[in-house]
Amino acid sequence: MASDMQYTYAVARIRAMEVSLFSRAVIEQLMACRTEEQCLQFLSEKGWGDNDTPMNAEAILTREREKTWETVRELVKDMSVFDVLSYPDLFHNLKAAIKEVTTEETNPNIFIQDTAISGEEMLEIVKSKDFSRLPAFMSGVAQEAYETLLHTRDGQLCDIMIDKAALTAIYEAGKKAKDEIIRDYAESTVAVADIKIAVRSQKTAKSLEFMKKAMAPCDSLNIEALSRAALSGMDAIQEYLAGTVYAGGAEALKESPSAFECWCDNRIIETIRPQIHNPFTVGPLVAYVLARENEIKTVRIILTGKLNELPEESIRERVREMYV
Amino acid sequence: MSGIVWALAGAAAAVIFAGMGSAYGVGVAGQAAAGVVTEDPNKFAKVLILQLLPGTQGIYGLLVAFIALSKIGLLGGSPADLSVTTGLLIFAACLPIAVVGLVSARHQGRTSVASIGIVAKKPEQFGKAMLFPAMVETYAILALLISILAINAIPV
């Protein structure tokens with residue numbers, strides 16, 4: 001019970017902050033803005049960005065992401081519980097560093113900030129091939145991916161190796177986690193990623209071998225059956241998913257590719273939604289971070305749609321479900 | 001042990017256990033209240049009321065202890081000569097508020113935390129939010145009633 005109670009202050013503060021999360025109604029208001037400039041003005045009025053943040057989408061969205069993590073760092077002493085959420089960013093930085101070193105090019109802004117190992121440090125590790133400085137779940141795959149890319153120049157192979165390692169790390173962290181939300185999040189994340197791999201592999205006619213290399217095992221899906229279904233066609237994937245807890249994915253696949261992408265994110269929101277009624281444990285904090293990520297992603301979709309003058313229906317189809 | 005020692009132990013138990021429960025309940029609700037006030041200081045009054053609700057058990061324990069001490073003459077400075085049986089009876093009479101006070105205050109504290117969550121998001125629902133922890137109070141009042149009736153019924 002003591003560990004449940006240690007987040008009482010933090011959860012209450014998060015409850016008060018949830019009031020300013022964007023609801024469906026606010027997203028509708030944002031959608032009603034005609035241009036990207038109007039959207040940015042609307043966001044600014046809602047308190048997005050800071051006084052000194054430039055009035056451009058990327059700067060505002062980056063600042064909002066930073067604000068979320070600043071709040072969480074202020075509330076939680078032991079940040080290890082959030083490691084699982086930062087793995088995708090950490091592995092992204094590894095991927096970027098390996099490509100930067102093997103291609104001997106220098107590209108700006110390729111690293112995600114606010115990770116346990118900064119982009120610059122990651123670059124230095126890969127350059128010096130001192131992979132032992134990486135956490136145990138990264139060092140092996142980092143060396144393997146680096147050597148594979150160096151010898152084969154196959155960027156996609158390098159990507160799937162690192163992506164699979166990221167999924168496995170998330171899944172393992174979920175298995176070890178004491179908090180139910182981390183376990184559920186890890187399971188949903190890995191399963192949804194596997195489904196995405198199956199769908200994309202089917203569309204690009206990838207081999208069974210490729211899918212086996214890319215998919216990470218999880219409890220709620222049989223990846224062997226899923227990859228065989230992907231080989232047989234989209235109908236077979238839908239049929240397989242219909243018999244699992246991810247039946248909603250089968251429905252979304254029937255609808256359209258963007259509806260499916262939308263379902264993938266909505267599934268994570270569905271996983272965290274029970275935390276909205278939980279007054280104790282770290283669950284509501286994790287849910288808040290994921291809800292903010294989802295909110296920022298949705299706003300990014302709308303801003304990109306407005307910038308490219310996409311029809312409203314097209315943007316609406318891609319808008320994610322909100323947490324509140 | 002003589003009767004007076006048992007009676008005093010009962011009064012002490014009422015204060016100690018009910019007070020411990022209230023300290024925990026008010027403490028945990030206070031943490032939640034502080035979290036809400038950090039973000040929205042305007043909700044101070046509402047969350048303060050919810051924080052104070054689990055504090056009543058400690059007061060009930062104190063009340064029972066006063067009655068018990070008064071009954072055995074300790075407050076007046078002339079302790080009664082109690083038999084062991086009478087002392088044990090007073091001790092037993094103090095137990096309801098001691099035990100129920102401890103348990104109910106802890107649960108009331110947790111319920112207050114949940115209700116503070118309601119106020120954080122929907123301050124207009126304060127009335128309903130207050131009812132949830134107030135329900136737990138019922139059982140502390142029942143225990144208080146029995147402790148008082150029992151102590152008063154014991155002939156000294």
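Basis for what follows: all heavy atoms, side chains included, without hydrogens, waters or symmetry-related copies. Here the structure is a predicted model, which means the values were calculated and not measured. Throughout, a chain's letter reflects where its sequence line sits, starting with A, and its residues are numbered from 1.
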- Provide the closest heavy-atom pair for B:Ala120 versus A:Ala12 in the form atom of the first, atom of the second, distance. CB-O, 4.5 Å

- Closest heavy-atom pair and its distance - B:Gln31, A:Thr8: OE1-CB, 3.7 Å

- Is the number of heavy atoms from other residues, nucleotides or ligands under 6.0 Å of B:Asp81 CG greater than 12? no

- Note on the structure: CE of A:Met17 to CG of B:Asp40, rounded to nearest 0.5 Å, is 12.5 Å

- Item | Any side-chain heavy-atom pair of A:Ile276 and B:Lys121 under 4.5 Å | yes

- Message: If you count heavy atoms of other groups shown closer than 6.0 angstrom to CD of A:Glu28, is the number above 12?
- Response: yes

- Query: Do other residues, nucleotides or ligands put more than 12 heavy atoms under 6.0 Å from A:Tyr171 OH?
  - Reply: yes

- Among the options B:Gly117, B:Ala32, B:Ala33, pick out the one with the most heavy-atom pairs lying under 4.5 Å from chain A. B:Ala32

- Item | Within 6.0 angstrom of A:Arg24 CZ, more than 12 heavy atoms from elsewhere | yes

- Task: Tell me, yes or no, whether the heavy-atom count around B:Tyr139 atom OH, taken from other residues, nucleotides or ligands under 6.0 Å, exceeds 12.
- Result: no

- Closest heavy-atom pair and its distance - A:Ala16, B:Glu39: CB-CB, 3.6 Å

